[in-house]
*Asks:* 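Below you will find the structure I want to go over with you.
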Amino acid sequence: MTGNAPSFAIEAVAGEGEGAIALQLAGDWVQGQTVPGFGALRDQLAGRELSQLQLQADDLGDWDSLLMAFLLQCHNYCREREIDLDTHGLPANARQLLAVATSVAPHQPPARRQQHWWQAGNPLRVLRAVRGDLRESLGFFGDICIGLARLCAGRANTRWADFRHFCYQAGPNAFAIISLTSVLVGMILAYLGAVQLQQFGAGVYVADLVVIGMLREMGVLMTAVVMAGRTGAAYAAQLGTMQTNDEIDAITTLGVSPVEFLVLPRLLALVVMMPLLVIYANLLGMLGGAIVSGGLGISMLQYISQAQEAIAVSHITVGLVKSVIFAVLIAIAGCRSGLYSGRSSAAVGQAATEAVVTALIYLIVADAAINIFFQHVEFW
Amino acid sequence: MSEPAVIEVQGLCMAFGSNVIQRDLDFRVERGDIFVIMGGSGCGKSTLLRHLLGLLRPASGDILYSGESFVRASQDRRAAMRRRWGITYQSGGLFSAMTLGQNIALPLQLYTRYSAGEIRDIVDYKLSLVGLGGYQDYLPAQISGGMRKRGALARAIALDPEILFFDEPSAGLDPISSRLLDELILQLKESLGATVVMVTHELDSIFAIATNSVYLDAASRTRIAGGDPRWLRDHSEQPVVRQFLSRELAPAGDAQSE
Ligand SMILES: Nc1ncnc2c1ncn2[C@@H]1O[C@H](COP(=O)(O)OP(=O)(O)OP(=O)(O)O)[C@@H](O)[C@H]1O
Ligand SMILES: [Mg+2]
């Protein structure tokens with residue numbers, strides 16, 4: 001870029017008393033030039049008894065926002081020190097822009113307390129945060145219970161249209177991915193078992209392994225994991241976006257509890273659809289097992305008769321009980337993250353992540369607990 | 001005309017599917033104009049703006065910038081033309097995950113060679129222009145609705161654009177801020193030689209600063225008047241336009257009388 005280098009110079013004003021200083025601006029104050037920073041001027045002015053600063057621009061060439069940014073800093077500097085700033089020497093445009101820019105005094109942000117990393121890791125603080133989290137979760141769970149009670153009493157503001165819509169989203173829309181995962185899980189179970197069992201010549205017991213494994217454990221767990229990623233995250237994103245658009249506030253001020261209006265239909269839809277999905281997943285898992293067993297030389301008839309023996313009401317019950325509990329956990333994790341999300345796009349993303357991560361943790365912990373429980377009551 | 005208009009709209013027809021919003025729009029925006037798009041709520045002002053910005057494709061017709069068709073321009077040409085624009089949207093459009101300062105610094109970082117320190121100073125200056133000096137470190141969610149509007153304006157003027165598009169810039173502002181905004185728009189026009197196209201319902205600011213306008217009618221779905229709004233208020237042949245500009249209700253029974 002050509003042009004004159006931008007610069008400034010200060011000189012005393014003749015005949016204007018002690019403290020008057022003229023600031024001569026010269027050259028092109030535009031992008032591409034190395035513009036002197038305001039710091040340089042402040043250094044030159046430091047230590048002087050100033051009462052007036054006269055801006056003069058006789059040799060000023062082109063200028064853009066850089067000059068204005070510089071002038072604004074001059075203005076703020078003068079205002080702090082109660083120096084009179086005379087802008088009559090500036091081009092008319094620049095003067096008026098400066099007038100607009102300075103018509104509102106700058107806002108002083110309140111001092112924020114710095115948080116150090118060692119404070120963030122302070123165990124007491126972490127405990128307090130966990131306590132807050134726990135309290136929030138319990139409160140949310142309580143709200144849901146109240147909402148359910150009101151629903152039973154027929155006084156909740158839950159819309160059946162919403163419920164049907166979410167049922168459709170959580171059920172039929174999830175068929176494809178559930179089919180894929182459960183067939184594959186069934187095949188994996190069968191393959192894993194067959195390789196071991198055939199060493200003892202007990203290959204036919206593969207059917208038992210697949211049936212019991214799918215019904216009690218893998219069918220419901222895989223379905224829950226898929227639904228946590230699919231539906232739990234969607235719930236969090238939906239509610240988080242509603243939070244950003246003030247929609248949750250609008251619902252609350254309409255006198256409707258967001259839990260009843262938004263959370264219950266989602267929760268109930270998932271609770272209704274999950275067991276159905278699990279039954280479907282179990283069937284497909286056994287089919288997957290049959291395919292692998294066929295490949296390993298076990299006839300279809302053998303597989304079926306062995307499977308028939310393995311299937312027991314207790315296994316199915318365990319799977320279904322788990323599926324209902326998991327559905328509740330996934331819905332709670334998703335809706336809670338969404339409902340308490342921040343109000344920015346990043347916060348909505350965070351809510352979705354949090355929904356999936358918490359749901360997975362809940363799932364694993366709950367699964368372990370339920371297994372231990374059934375072990376103790378010897379429900380086989 | 002020797003010099004092509006900054007924006008020229010020729011026979012523009014806007015539609016969503018088979019739902020025609022406005023048809024046969026023809027108007028010119030000259031350099032240095034403050035051009036106002038007027039009309040009742042829902043008549044298609046924001047839609048027209050989105051067509052001018054190339055966010056929507058016209059059903060038919062053309063939009064020329066300095067004589068060059070925007071509708072038929074290549075991607076690169078469009079990007080180059082857009083770089084000279086500053087835009088605010090009806091609901092702000094600030095990036096919610098960035099602070100106000102980062103929002104305004106973004107176009108500067110993308111398209112200029114200012115150093116980091118210079119960008120900081122310029123951000124400070126642009127925020128001061130809209131009366132938000134000192135709010136650099138606030139997230140959009142932490143400031144009021146009117147402040148978000150002004151923040152979006154500061155981002156729009158970050159690059160000292162040649163054409164400014166505003167969708168209802170003063171909605172939600174108090175009378176003083178809205179006066180200051182008018183003043184700011186005038187100053188920007190003067191100092192940058194910018195052309196301003198805006199959608200607004202604020203009669204005060206329309207009469208104070210607008211030099212040209214177009215009135216879109218919801219009933220007939222086309223432009224029914226255009227020109228200096230002050231002149232239109234007193235002399236328009238269309239009663240609807242005069243009523244709009246003088247805030248009168250249609251006389252009961254005979255809207256078409258006189
Ligand atoms: N994405 C869209 N799809 C279909 N129709 C739309 C879409 N956006 C807007 N419309 C329709 O276009 C019409 C004009 O909308 P527009 O937003 O342009 O109104 P407006 O004049 O800006 O109103 P306001 O003053 O209230 O902002 C409306 O009737 C609206 O229903
Ligand atoms: Mg609009």
Side-chain angles (χ1 to χ4, degrees), chain A residues 1 6 29-41 62-76 79 90-112 240-241 243-246 341-350, chain B residues 91 94-101 104 108 111-115 117-143 145 147-148 150 154 157-161 176-177 179-193:
Chain A
M1 178 157 303
W29 290 64
V30 290
Q31 174 182 177
Q33 303 279 9
T34 36
V35 167
F38 181 74
L41 176 64
D62 287 342
W63 53 274
D64 66 8
S65 298
L66 276 178
L67 175 72
M68 295 310 302
F70 180 84
L71 292 179
L72 182 65
Q73 284 174 307
C74 287
H75 177 94
N76 288 339
R79 213 196 33 193
L90 291 177
N93 282 340
R95 229 180 102 198
Q96 280 159 345
L97 277 176
L98 188 63
V100 174
T102 56
S103 57
V104 179
H107 164 80
Q108 297 292 343
R112 268 180 234 176
T241 313
Q243 180 70 266
T244 347
N245 290 340
D246 296 341
S341 107
R343 289 168 173 262
S344 68
S345 55
V348 174
Q350 213 176 355
Chain B
S91 49
L94 286 172
F95 303 122
S96 57
M98 298 183 182
T99 64
L100 218 43
I104 295 158
L108 294 166
Y111 296 123
T112 67
R113 287 167 295 157
Y114 293 126
S115 70
E118 285 170 351
I119 286 182
R120 209 180 44 237
D121 293 347
I122 290 177
V123 165
D124 197 19
Y125 158 63
K126 300 284 174 181
L127 280 173
S128 298
L129 271 183
V130 296
L132 288 179
Y135 281 98
Q136 282 89 328
D137 295 329
Y138 283 67
L139 287 169
Q142 293 170 329
I143 58 178
M147 288 158 83
R148 278 199 283 274
R150 286 184 277 154
I157 59 176
L159 291 174
D160 297 337
I176 307 287
S177 308
R179 231 345 273 293
L180 282 172
L181 189 74
D182 288 350
E183 189 65 22
L184 172 65
I185 291 174
L186 271 180
Q187 289 314 323
L188 288 172
K189 188 197 96 163
E190 297 280 316
S191 64
L192 307 171

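Here the structure is a predicted model, which means the values were calculated and not measured.
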*Asks:* Please rank A:Ala346, A:Ala92, A:Pro106, A:Ala99 by heavy-atom pairs under 4.5 Å with chain B and give me the top one.
*Replies:* A:Pro106
*Asks:* Less than 4.5 Å apart, side chain to side chain, heavy atoms only: is that true for B:Gln136 and B:Asp124?
*Replies:* yes
*Asks:* Looking only at atom types and distance, does a side-chain atom of B:Arg150 sit under 3.5 Å from a main-chain N or O of B:Val130, one as donor and one as acceptor?
*Replies:* yes
*Asks:* For chain B, which of A:Leu72, A:Leu66, A:Val104 has the most heavy-atom pairs under 4.5 Å?
*Replies:* A:Leu66
*Asks:* Could you tell me which portion of A:Val348 (side chain, backbone, both or neither) has an atom closer than 4.5 angstrom to a non-hydrogen atom of chain B?
*Replies:* neither
*Asks:* Considering only heavy atoms, which portion of A:Gln108 lies under 4.5 Å from any heavy atom of chain B: side chain, backbone, both, or neither?
*Replies:* neither
*Asks:* Between the side chain of B:Arg113 and the main-chain N/O of A:Gln31, is any donor-acceptor distance below 3.5 Å?
*Replies:* no
*Asks:* Which one, B:Leu184, B:Leu132, B:Leu129, B:Leu127, leads in non-hydrogen pairs under 4.5 Å with chain A?
*Replies:* B:Leu129
*Asks:* Quick check on the interface: out of B:Glu118, B:Glu183, B:Lys126, B:Met98, who has the most heavy-atom pairs with chain A under 4.5 Å?
*Replies:* B:Glu118
*Asks:* Could you measure the distance from the NE2 atom of A:His75 to the OG1 atom of A:Thr102? Nearest 0.5 Å is fine.
*Replies:* 4.0 Å
*Asks:* Side chains of B:Asp121 and B:Tyr114: does their closest heavy-atom pair fall under 4.5 Å?
*Replies:* no
*Asks:* Taking A:Ser345, A:Ala347, A:Gly349, A:Gly37 one by one, which has the highest count of heavy-atom pairs under 4.5 Å against chain B?
*Replies:* A:Ser345
*Asks:* I need the A:Trp29 CH2 to A:Leu71 CG distance, nearest 0.5 Å.
*Replies:* 7.5 Å
